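Since the model is a prediction, treat every value here as computed from it, not as a measurement. Here is how names work: the chains are called A, B, and so on, in the same order as the sequence lines, proteins then strands, and each is numbered from 1. Hydrogens, waters and symmetry mates play no part in the numbers below; they use all other heavy atoms, side chains included.
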There are 2 protein chains.
Amino acid sequence: MQITSRFTIAVHIITALDYFRDMDRVNSEFLAGSVGVNPVIVRTVIGKLREAGLVHTLKGSSGAELARPLDEITFYDIYEAVDSVNEDEGLFHFHEQPNPECPVGRNIHKAMDGRLAAVQNAMEAEMKRITLKDVMEDTRAEILKEAK
Amino acid sequence: MQITSRFTIAVHIITALDYFRDMDRVNSEFLAGSVGVNPVIVRTVIGKLREAGLVHTLKGSSGAELARPLDEITFYDIYEAVDSVNEDEGLFHFHEQPNPECPVGRNIHKAMDGRLAAVQNAMEAEMKRITLKDVMEDTRAEILKEAK
DNA sequence: GATAGTTGTAATATAGCATGTTACATCTTA
DNA sequence: TAAGATGTAACATGCTATATTACAACTATC
């Protein structure tokens, strides 16, 4: 399994929104061109970001505006915004029918839950440490390298 | 997205193999009964565990034997054994067609790769800390609680 | 205020993957 | 030698991610 590409698409979009901030016509079609997906995908991802309060948009009006500075938007914010993982169950998909008549079967879920949560927490903690400013800086650094 | 239930199934199987160690006929059908899935699923999961060197089996002969003590089998060992995530690409699925003619598009991948790896590493590090002995102890504790 | 451009969203299509199931050759054990 | 088990291939099925078309509602500009 893998975390949906919606996540990297969202990071790409926010980076592009900032990078092309002063340009006209940074609409869903332009962004779709940069990301390499259908404009409707861009609009739905931006829709999720808007619901999460990360960007502002105006229906009918081109583009989107970041609601916060880049260093206040973390990977975790985006990961949550675009529903990267199942909200109800979390990162791990537990098999659904362990046998209640078996001592292992009826207790394994409880026995594992805390450990699975610890793994997910470790991952999410790291995501909270990484901001879009980090990505922006790395992107600009790569662009500068090209110039040489 | 979610990590395949093959992972929790594998943990369940190993726990059951240990718990019912002294019982006869702990075959794929018995285990399938405890886990609540088809016996063929059990055999394929055990097959992966065998390929990874975590259990020994003998074709035609019932059951499986743990290759190492429980405290030397980590969540990470199992997660790797059962191919919980894509081997080539890792935990995150990067969108596949960023535009090489766009400065952001042709650099975003390089700019993100290190950060994505850091997230995956954080998760895997936590998985390496958790052993099947931990799960076994928690399971037995839950079983004891029932007795009261 | 009319027109062109844009967003938001519903509806549908499609492909890939996880899981279920049947079947059977091959092996072990008694 | 017979019964029971594994290993694995082949196929079925449902779910999810992504792509795509279509269009109503809104904005910006002339």
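OP1 or OP2 of C/dT7 sits under 4.0 Å from a side-chain N or O of A/S28. An OP1 or OP2 oxygen of D/dT16 is reached within less than 4.0 angstrom by no side-chain nitrogen or oxygen of A/T4. Look at A/R50 and you won't find any side-chain N or O under 4.0 angstrom from OP1 or OP2 of C/dT7. Contact between the side-chain N/O atoms of A/T57 and the OP1/OP2 oxygens of C/dG8 is found at a separation under 4.0 Å. Residue B/S5 has no polar side-chain atom (N or O) positioned under 4.0 Å from OP1 or OP2 of C/dA18.
D/dT18 atom C1' lies 14 Å from atom NE2 of B/H95, rounded to whole Å. Between A/E51 atom CD and C/dT7 atom P the separation is 17 Å, expressed in whole Å. Rounding to whole angstrom units, CD of residue B/Q97 and C1' of D/dA19 are separated by 13 Å. Whole-Å rounding puts the B/I3 CD1 to C/dT19 C1' distance at 17 Å. Per the geometry, CD belonging to A/E65 stands 15 Å off P belonging to C/dT7, to the nearest Å. Atom P of nucleotide D/dT21 and atom CD1 of A/I41 are separated by 12 Å, given to the nearest angstrom. Atom CD of B/Q2 is separated from atom P of D/dC15 by 14 Å (rounded to the nearest Å). Distance CZ (B/F94) to C1' (D/dT18): 17 Å, rounded to an integer number of Å.
For B/D134, the side-chain contact (heavy atoms from CB on, under 4.5 Å) criterion is met by A/R115, B/I130, B/T131, not counting sequence neighbours.
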Inset, instruction - Check the pair B/E146, A/R106 against salt bridge (charged side-chain N to carboxylate O under 4.0 Å, His left out), reporting the backbone distance first and the verdict last. - result: CA-CA 10 Å; B/E146 291 179 336; A/R106 70 173 169 270; 2.6 Å; yes
Inset, instruction - Go through A/E126 and A/Y76 one step at a time and tell me if the side chain to side chain donor-acceptor pair (under 3.5 Å) criterion holds. - result: CA-CA 8 Å; A/E126 182 65 25; A/Y76 181 75; over 6 Å; no
Validation: residues 49-56 of chain A side-chain donor-acceptor distances under 3.5 Å, sequence neighbours left out:
from: A/R50; atom 1: NE; to: A/T57; atom 2: OG1; distance (Å): 3.0

Legend entry - Base-contact (B) and sugar-phosphate-only (S) positions in nucleotides 25-30 of chain D, heavy-atom cut-off under 4.0 Å, - elsewhere: BBSS--
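Nearest heavy-atom pair, B/M23 versus B/V26, reported as atom, atom and distance to 0.1 Å: O-CG2, 3.7 Å. Of all the heavy atoms in B/Q2 and A/F92, the pair that sits closest is NE2-O, 3.5 Å.
Closest to the side chain of B/N38, out of C/dG20, C/dT19, C/dT7, is C/dG20. Closest to the side chain of B/N27, from the set D/dA5, C/dT19, C/dG20, is D/dA5. When distances are taken from the side chain of A/V40 to each of D/dT18, C/dA10, C/dT6, the shortest belongs to C/dA10.
In the displayed structure, B/E29 atom CD is contacted under 6.0 Å by at most 12 heavy atoms of other residues, nucleotides or ligands.
Remark on DNA chain D: of its neighbouring residues A/R6 and A/R43, the 5'-side contact belongs to A/R6, judged by nearest-heavy-atom nucleotide.
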